[in-house]
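A short worksheet on the structure shown next.
As the structure is a prediction and not an experimental result, all values here were calculated from the model. Basis for what follows: all heavy atoms, side chains included, without hydrogens, waters or symmetry-related copies.
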Amino acid sequence: MTHHALEITLTRALTSAEFHQAARTVPLAANPDATRLMALVRAKTPHLALHRLHRQLDTVLPIDVITTHYPAPQNHTLLNIAFTPAAHEAVRRAARTHGQSPHTYVEQTLTQALARQSRHEADYLDLALHALLARTSTPQLLTALGRALTTGAPPC
């Protein structure tokens with residue numbers, strides 16, 4: 001069995017008492033505003049680690065999503081999403097309509113949405129770059145890019 005790094009995204013910030021109660025169940029590290037936590041879970045697979053952590057903390061924390069912190073061997077990040085009963089039923093109906101299992105339906109829907117978002121971001125960057133090149137010479141643009149990368153300036 002190996003340890004798997006898991007990230008927990010919460011629906012709200014934790015109080016100090018809630019964090020300490022959860023940390024007695026599973027060792028946790030919190031980000032500064034206590035809306036995300038990290039845990040190491042011992043399990044045979046990342047999938048089993050997600051389920052084990054969800055079972056241990058579901059009644060203690062306001063969990064929104066649990067993800068693997070590092071991609072699984074297939075280069076996928078695994079998710080464990082806490083659906084409300086109504087959302088779970090909606091997913092089951094939609095999956096049935098598409099002739100898929102709920103797991104397959106959610107996986108394909110998320111994959112398609114992420115691909116769409118990636119295409120939109122690439123298109124946006126292309127447009128922004130063309131706009132810059134229309135107003136700026138290549139040497140000026142490269143100088144500004146180098147300055148931004150070396151000074152750690154945040155993107156505009």
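With sequence neighbours excluded, the residues satisfying salt bridge (charged side-chain N to carboxylate O under 4.0 Å, His left out) with Glu89 are Arg92, Arg93. Not counting sequence neighbours, the partners of Asp126 by the side-chain contact (heavy atoms from CB on, under 4.5 Å) test are His130. Shown here are the salt bridge (charged side-chain N to carboxylate O under 4.0 Å, His left out) partners of Arg42, two or more places apart in sequence or in another chain: there are none. Scanning for side-chain contact (heavy atoms from CB on, under 4.5 Å) contacts around Ala95 gives Pro102, Tyr105, with sequence neighbours left out. Under the side-chain contact (heavy atoms from CB on, under 4.5 Å) criterion, Ser101 pairs with His103, Thr104, not counting sequence neighbours. By the side chain to side chain donor-acceptor pair (under 3.5 Å) test, Thr97 pairs with no residue at all, sequence neighbours left out. Partners of His20 by ring pair (Phe, Tyr, Trp, His ring centres under 6.0 Å), not counting sequence neighbours: none found. Remark: Arg12 pairs with Glu18 by the salt bridge (charged side-chain N to carboxylate O under 4.0 Å, His left out) rule, at least two apart or across chains. The ring pair (Phe, Tyr, Trp, His ring centres under 6.0 Å) test applied to His3 returns no partner, not counting sequence neighbours.
Residues in residues 46-63 take part in no salt bridge (Lys or Arg N to Asp or Glu O under 4.0 Å) pair, two or more places apart or across chains. Among pairs with a residue in residues 110-124, none fulfils salt bridge (Lys or Arg N to Asp or Glu O under 4.0 Å), at least two apart in sequence or across chains.
Under a 3.5 Å cut-off, the side chain of Thr11 and the backbone N or O of Pro62 do form a donor-acceptor pair.
Nearest heavy-atom pair across Thr2 and His4 is OG1-NE2, 3.2 Å. In terms of heavy atoms, Met1 sits closest to Lys44 at SD-N, 3.8 Å.
Hydrophobic cluster membership for Leu133: Leu129, Leu132, Leu141 (Ile, Leu, Val, Met, Phe, Trp, Tyr linked by side-chain heavy atoms under 4.5 Å, directly or transitively).
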